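Everything numeric in this text was worked out from a predicted model, so none of it was measured. By convention in this document, chain letters (A, B, ...) are assigned in the order of the sequence lines, proteins followed by strands, and residues within each chain are numbered from 1.
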Amino acid sequence: MQPAAKYLYYPGCSLRGTGIAYEESLLTTFRLLEIPLEELSDWNCCGATAYMSVSEASATMLAARNLALARQTGVKDLIAPCNACYLALRKTQKMVAQYPQVEQEVGQFLQQAGLPSLDSVQVRHPLDVLYCDIGVKRLRELTVRRLQGVRMASYYGCQAVRPYGEVDDPHEPTRMDEILRAVGVEVVEYPLKTKCCGGSLTGTIHDVGVRLNYILLKEAQRRGAQAIVTICPLCQFNLDAYQSKIRKQTGEPIDMPILYLTQVVGWALGGDFRELGLHRAISGRKLVEQWFTVRKEAETYV
Amino acid sequence: MERQIRYQREADLAWAHSFPQNPGCERLLSCIQCGTCSATCPLALYMDLTPRQVIALVREGFREDVLRSKTIWLCASCYACAVECPQNISITDVMYRLKREAIASGIYPKRFPIPVLAREFYEMVRRRGRNSEFWVVFWMAMRTNPLVLLSMARTGWELWRTGRMSLRLRGIQRRGDLQYLPAASKEVD
Ligand code: SF4
Ligand code: SF4
């Protein structure tokens with residue numbers, strides 16, 4: 001296992017809005033790991049699920065533009081932290097490789113826009129880079145502080161593990177658990193790991209979206225988790241932002257921190273509360289402050 | 001009284017048989033109606049047609065029935081069904097094609113927020129190259145039911161307070177690249 005000399009990084013729209021803490025914690029984690037990360041210049045929206053619902057042709061072209069921009073830089077690995085971006089880029093690569101007609105349409109678009117044709121850019125997810133390139137062993141060695149006695153559930157959401165991803169096993173993913181254990185977190189069994197959060201349904205058919213998230217939160221709580229760890233800005237947003245509504249609707253005292261994997265890992269590596277965007281939590285703020293504020297005496301744990 | 005049953009002559013078999021040309025839908029005609037897709041789907045409970053029923057109706061050519069269903073819009077594209085289908089049918093891609101057809105032909109429940117959101121998103125990205133979450137949601141609400149903005153106020157405030165909401169309209173620098181995408185008018189009615 002050897003990290004590449006440099007990684008390209010494709011934030012996507014969410015990491016510049018509701019998911020800003022994901023970007024902050026990803027950048028901090030990579031800085032602490034001393035791995036250079038360079039933002040893809042002039043990247044565009046991946047198209048997500050909404051674009052695919054209007055036009056398949058331009059959805060693939062949009063995603064392809066990012067891949068072509070990445071190829072231009074000569075860097076092989078492109079990190080896409082958002083699950084929707086990750087899927088859109090990989091799906092496009094697969095469609096171009098498999099369907100001559102798509103290849104031709106995309107090729108023509110890229111040529112008109114003065115961009116190179118697609119080549120073997122590797123689309124990676126931060127989880128995949130942490131697990132495969134850095135490795136659990138190295139992360140354990142680099143850990144400078146541990147969360148003592150905190151129980152978390154790892155949650156992958158849908159589009160990172162299926163059907164185009166190689167992030168982890170689509171049925172029984174375990175890599176996130178391994179990473180969390182390596183940095184000192186106690187991980188609970190959570191069978192809903194890859195059950196969908198509903199994506200944008202919380203904004204459209206609100207009650208259905210909120211209900212899906214209630215099920216996810218409730219099950220995590222029932223399994224003894226005190227927090228859920230996510231790897232997608234939309235999952236994090238859905239689970240985090242509607243807990244006050246859920247409390248009101250169900251009368252149940254759910255107030256659970258929803259963290260990014262990169263926040264937990266970054267903190268274990270020595271990252272600072274604000275640098276990791278931990279101040280941006282909506283639910284479970286008290287616990288977040290309690291866990292991640294470094295008290296003088298706690299520092300001696302190392 | 002509205003007639004509930006459909007007659008075979010209303011079925012559009014040519015339409016049904018065009019599906020296998022669509023990426024991901026190649027094997028649609030070999031569905032064995034096992035229902036695995038409906039069983040895996042986290043949203044089946046809220047759908048008017050289950051995913052299995054959608055596949056059955058598509059295969060028999062009942063175009064209007066599926067295009068008018070709420071199911072295609074409730075599908076969150078989570079691919080759970082697609083990885084489980086024993087016949088390797090990407091039900092997700094079938095749903096995508098149905099959404100596109102429903103939008104292109106204007107057959108979708110009016111003021112139903114999901115297709116409206118998809119179009120707002122599409123138009124913003126088509127013009128600017130990036131999506132600004134706040135404005136897409138704002139325009140979706142304005143075009144469906146502006147009152148929902150009130151119920152979103154609390155979430156909005158919390159996002160604002162934690163620095164997670166931006167009102168800035170974003171875009172790419174080389175806006176010119178976007179002109180080579182297929183013309184918007186050709187794609188949407
Ligand atoms: S899982 Fe596949 S084969 Fe089974 S009913 Fe659904 S589409 Fe048909
Ligand atoms: S992709 Fe759509 S139809 Fe398939 S399981 Fe997910 S929500 Fe249901």
Side-chain angles (χ1 to χ4, degrees), chain A residues 13-14 16-21 42-45 47-58 61-62 65 87 95 98-99 102 108-109 112-115 157-159 162-163 170-171 194-201 203-206 208 211-212 215 237 241-242 244-245 279-282, chain B residues 22-23 42-43 46 73-74 76-80 82-83 90 92 96-97 99-100 103-104 112-122 124-126 129-134 136-137 140 148 151-152 154-155 158-159 161-166 170 172-174 176-178 180-182 187-188:
Chain A
C13 306
S14 294
R16 291 291 150 84
T18 49
I20 185 164
D42 208 32
W43 56 269
N44 57 266
C45 170
T49 54
Y51 220 84
M52 204 32 112
S53 311
V54 180
S55 164
E56 187 170 53
S58 32
M61 291 174 197
L62 268 181
R65 180 174 178 274
L87 178 125
M95 290 195 28
Q98 209 176 331
Y99 301 101
V102 179
Q108 196 188 351
F109 165 73
Q112 282 172 327
L115 288 163
C158 52
Q159 300 193 335
R162 60 177 177 250
H171 295 102
T194 64
K195 192 180 160 95
C196 176
C197 75
S200 53
L201 281 176
T204 49
I205 311 297
H206 189 67
V208 172
R211 178 85 197 162
L212 290 180
I215 295 170
F237 169 76
Y242 297 104
S244 58
K245 281 234 166 99
H279 59 298
R280 301 193 192 274
I282 293 174
Chain B
N22 223 77
L43 288 147
Y46 309 98
W73 300 109
L74 278 166
S77 313
C78 77
Y79 295 87
V83 296
S90 176
T92 318
Y96 268 137
R97 169 158 168 193
K99 290 180 210 198
R100 289 194 294 270
I103 287 188
F112 195 54
I114 304 172
V116 179
L117 180 82
R119 284 192 60 162
E120 288 303 325
F121 186 103
Y122 169 84
M124 173 167 294
V125 175
R126 180 79 181 63
R130 285 188 198 172
N131 145 41
S132 312
E133 292 162 331
F134 173 83
V136 168
V137 172
M140 174 205 71
V148 305
S151 68
M152 291 178 177
R154 168 152 190 179
T155 312
E158 277 170 343
L159 289 172
R161 192 172 60 119
T162 50
R164 292 167 64 173
M165 187 161 80
S166 160
R170 295 165 196 278
I172 58 172
Q173 278 149 23
R174 285 173 47 185
D177 289 3
L178 302 171
Y180 303 111
L181 293 172
E187 297 181 322
V188 188

If you round to the nearest 0.5 Å, how far is CG of A/Leu201 from OH of B/Tyr46?
10.0 Å
Whatever's closer than 4.5 Å to a heavy atom in chain B on A/Gln159 counts as side chain
Please report the closest heavy-atom contact between A/Ile282 and B/Glu158, naming both atoms and the distance.
CG2-OE1, 3.5 Å
4.5 Å side-chain heavy-atom contact, B/Cys78 and A/Arg162:
yes
Is A/Ser14 close to chain B through its backbone or its side chain, or both, or neither, when contacts mean heavy atoms under 4.5 Å?
both
For B/Leu74, is it the side chain, the backbone, both or neither that has a heavy atom under 4.5 Å from a heavy atom of chain A?
both
Which bit of A/Phe237 comes within less than 4.5 Å of chain B, counting heavy atoms only: side chain, backbone, both or neither?
both
So which residue, A/Gly47, A/Ala48, A/Cys197, A/Gly19, ends up with the most heavy-atom pairs under 4.5 Å with chain B?
A/Gly47
Among A/Asn44, A/Thr194, A/Leu212, who wins on heavy-atom pairs under 4.5 Å with chain B?
A/Asn44
Quick one: closest heavy-atom pair of B/Thr162 and A/His279, and the distance?
CG2-O, 4.2 Å
Quick check for you: to the nearest 0.5 Å, what is the distance between A/Leu62 atom CG and B/Arg126 atom CZ?
8.5 Å
Any side-chain heavy-atom pair from B/Arg130 and A/Trp43 closer than 4.5 angstrom?
yes
B/Arg97 atom CZ: more than 12 heavy-atom contacts under 6.0 Å:
yes
Chi angles and distances behind the side-chain contact (heavy atoms from CB on, under 4.5 Å) call for B/Phe121, A/Ser200
CA-CA 12 Å; B/Phe121 186 103; A/Ser200 53; over 6 Å; no
If one checks every heavy atom of B/Phe134 against chain A at 4.5 Å, the contacting part turns out to be neither
In terms of heavy-atom proximity below 4.5 Å to chain A, should B/Gln173 be classed as side chain, backbone, both, or neither?
both
For A/His171, is it the side chain, the backbone, both or neither that has a heavy atom under 4.5 Å from a heavy atom of chain B?
side chain
Below 4.5 Å from any heavy atom of chain B, which atoms of A/Arg16 appear? Answer side chain, backbone, both or neither.
both
Could you tell me which portion of A/Met95 (side chain, backbone, both or neither) has an atom closer than 4.5 angstrom to a non-hydrogen atom of chain B?
side chain
Pick one of side chain, backbone, both or neither for B/Arg170, based on which atoms fall under 4.5 Å of a heavy atom in chain A.
side chain
If one checks every heavy atom of A/Ala21 against chain B at 4.5 Å, the contacting part turns out to be neither
Taking all heavy atoms of B/Pro113 and all of A/Ile205, pick out the closest pair and write down the distance.
CD-CD1, 4.2 Å
Would you mind checking which part of A/Pro163 comes under 4.5 Å of any heavy atom in chain B, side chain (CB onward), backbone (N, CA, C, O), both or neither?
both
Is B/Leu43 close to chain A through its backbone or its side chain, or both, or neither, when contacts mean heavy atoms under 4.5 Å?
side chain
